[in-house]
2 protein chains.
Amino acid sequence: MAGIDNDLQLVKIARLYYELGYKQEQIAQIEKISKATVSRLLDKAHKEGIVEVKVVYPQLEVHELAEEIRERFNLKKACVVPVMIDHPDVIRDDLGRAVSNFLSEIIRDEDIIGVSWGTTLPFVVKNLSKINANNVIVTQLNGGVTKHYLSTQSAAIIEGFVNSLNAVPYMLPVPTIVDSVELATAISADSNVCKTLELSQKARIAVYGIGKAGFDSILVQAGYFQKEEYEKLLQAGAVGDICSRYFRIDGSIVDQELNQRTVGITLEELRNKEYSIAVANGEEKAKAVVGALKGKYVNTLFIDEVTAKKCLELIKSEE
Amino acid sequence: MAGIDNDLQLVKIARLYYELGYKQEQIAQIEKISKATVSRLLDKAHKEGIVEVKVVYPQLEVHELAEEIRERFNLKKACVVPVMIDHPDVIRDDLGRAVSNFLSEIIRDEDIIGVSWGTTLPFVVKNLSKINANNVIVTQLNGGVTKHYLSTQSAAIIEGFVNSLNAVPYMLPVPTIVDSVELATAISADSNVCKTLELSQKARIAVYGIGKAGFDSILVQAGYFQKEEYEKLLQAGAVGDICSRYFRIDGSIVDQELNQRTVGITLEELRNKEYSIAVANGEEKAKAVVGALKGKYVNTLFIDEVTAKKCLELIKSEE
DNA sequence: CTCTTCAGTGAAACTTTTTTCACATGTATA
DNA sequence: TATACATGTGAAAAAAGTTTCACTGAAGAG
């Protein structure tokens, strides 16, 4: 798309501006263009990733809250990031970084690591640094959201992991929920799908987000549910999902038939992972997080301060 | 110096500005300070390294010129970087990056790598990325410039290499040129100095700048030479120096007595290195570069386009 | 205790950057 | 060939960011 000539000029202008501190007007003279164009080209350089701005700061944690949650649910590890700025993107970025750091501590050669998709996972990928490991396999834990096979969202997440770990990907290019149990069985029997599912089962590490049950869920918006069907689900006590499998606040699975129509790793299987790593962000997800913890679908939790507090409140009010 | 509270606010403001794209005026409202202060704090965040701006671009090379130089002087490798922007800092940065990339290709476990100081070396250090190698030793090839033992310049360069390579440093905390041959011999006999010199001799890789002989040289300014002494040197044909040892355009050493009063690796020793890597930048250094190449003190050259052309001109005009 | 000094601040003046607007150029389409 | 349409430009207007300046309050000196 962008020619090399073009990019060279962008680089030149960016360097004159950011490395040498020239004013845009001086650059305009040098390049014989208007200062307006210089401004526009600098903007383009940002968008094309030629200019990178990074804010460097230590990873902070709220240890007391983390310890309380870890003990209460007998987790392997809990990490609570402080809410420095109350904005989802900022919090998710901090969570993503924390998860990423943790992964680079635990990943080793020959590992199989399963990942799902969601709103938080992209932030893990964004913060993933090159990790030195050999023969790692990345598997997709559950199908994509779009029904038209291969959602770009999940593909990008897997790709990020693959690049950072120098790994081999195993995708699950199927819908996450299908119309009948028979169809789900048939799909799972397909040799490619089956291979990925097997690897997901064997994975030592699984990383996924915790979803909140509600009409704003991606699954609803992607048309996986009729309105009445979803309402029934909510009335039956659904508070959240992991890999598109819905559970109640006590951790029990809501609808066994639905569960059987869902393709991908099961919640049972997650229980047995050495590392079942969940990331969650947002107060409204507190019930979902509590459900996930009570169901033991998670042994390593990454969560923000506000949500962590809300979770503890919920638990304490139950007692 | 800066309190943690203070830094936290800097980080917060930097993130609001660069990650969320808030205007300084909005941030001023949030933090209940004036927009002038926000501007000042952002400036401080830059200076403290909390905000990093990087221009990302591929490493470009002028292959034809490089090949011509490589062949003519029978070098192992020559790398000529294009002059995108005619400013010493920019060119040196490109050179530094090129050297740094090359080093990360060739460095291996148990290596000994000797480095000098100069105006170009800091740019190599700046661009050095973490290199995975074990038990590497970094030695200082020649004494610092200041006569007061331990020049910060060279210390910083060594430190950069040590950090990047996870290496152990061997410093040479002595003046580079002393008053008498006897003193030089005595200093070299000191057990610490001797150890470093030995390691420098054994080093598989040496990295250094090529200096130009002239009254603007750091050595002159540091008071190593009387004016008349230096004039004599120039009249005797000195065009440049490597590790404070002066040579003519044909590569011959200018003053044997001075050479013997110089502490550090000898030019002879550089000739036998597996990798004798020189970096040079600036048209005015062309003669010095030609001398270094003719003397075979270099087998791997990193140079900018303009200087490379000038060198070839010089050689061709001699023929 | 008073005076001086100094770092830090906001308001306002100033500079720099971005956006708007009108126009030009080239390209695809009828 | 004419016509719509997108793309890119500079001049000027508008917005955003920086610097100057005068003032404040705190720390140290007398």
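Throughout, protein chains are lettered first and strands after them, A, B, ... in sequence-line order, and every chain is numbered starting at 1.
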| query | Over how many whole Å does the gap from Lys44(A) atom NZ to dT7(D) atom P extend? | reply | 12 Å
| query | Would you call Ile303(A) and Val289(A) a side-chain contact if the rule is heavy atoms closer than 4.5 Å? | reply | yes
| Whole-Å distance between dG8(C) P and Lys35(B) NZ? | 22 Å
| task | Would you indicate, yes or no, if dG17(D) has its OP1 or OP2 atom less than 4.0 angstrom from a side-chain nitrogen or oxygen of Ser39(B)? | result | no
| When we call it a touch if two heavy atoms are under 4.0 Å apart, what does Tyr17(A) touch: a base, just sugar-phosphate, or nothing? | sugar-phosphate
| request: State which of dG17(D), dA12(C), dG10(D) makes the closest approach to the side chain of Lys23(B). | output: dG17(D)
| Sugar-phosphate, base or nothing in reach of Leu42(A), heavy atoms under 4.0 Å | nothing
| Taking CD from Glu25(B) and P from dT16(C), how many angstroms apart are they, rounded to a whole number? | 20 Å
| said: Is there a side-chain contact between Ile218(B) and Trp117(B) in this structure, where contact means two heavy atoms from C-beta onward sitting under 4.5 Å apart? | reply: yes
| request: Cation-pi check, Arg97(B) to Tyr57(B): give yes when NZ or CZ is under 6.0 Å from the six-membered ring centre and within 45° of the ring axis, no otherwise. | output: yes
| message | Over all strands shown, is Thr37(A) touching base, sugar-phosphate only, or nothing at heavy-atom distances under 4.0 angstrom? | response | sugar-phosphate
| request: Output yes when a side-chain donor or acceptor of Glu283(A) lies under 3.5 Å from a complementary backbone atom of Thr307(A), and no otherwise. | output: no
| field | Closest listed nucleotide, where the reference is the side chain of Arg40(B) and the choices are dG10(D), dT17(C), dT9(C) | value | dT9(C)
| message | In this structure, how many angstroms lie between the P atom of dG17(D) and the OH atom of Tyr22(B), rounded? | response | 14 Å
| task | Please state how far atom CD in Gln24(A) lies from atom P in dT18(C), giving the value in whole angstrom units. | result | 5 Å
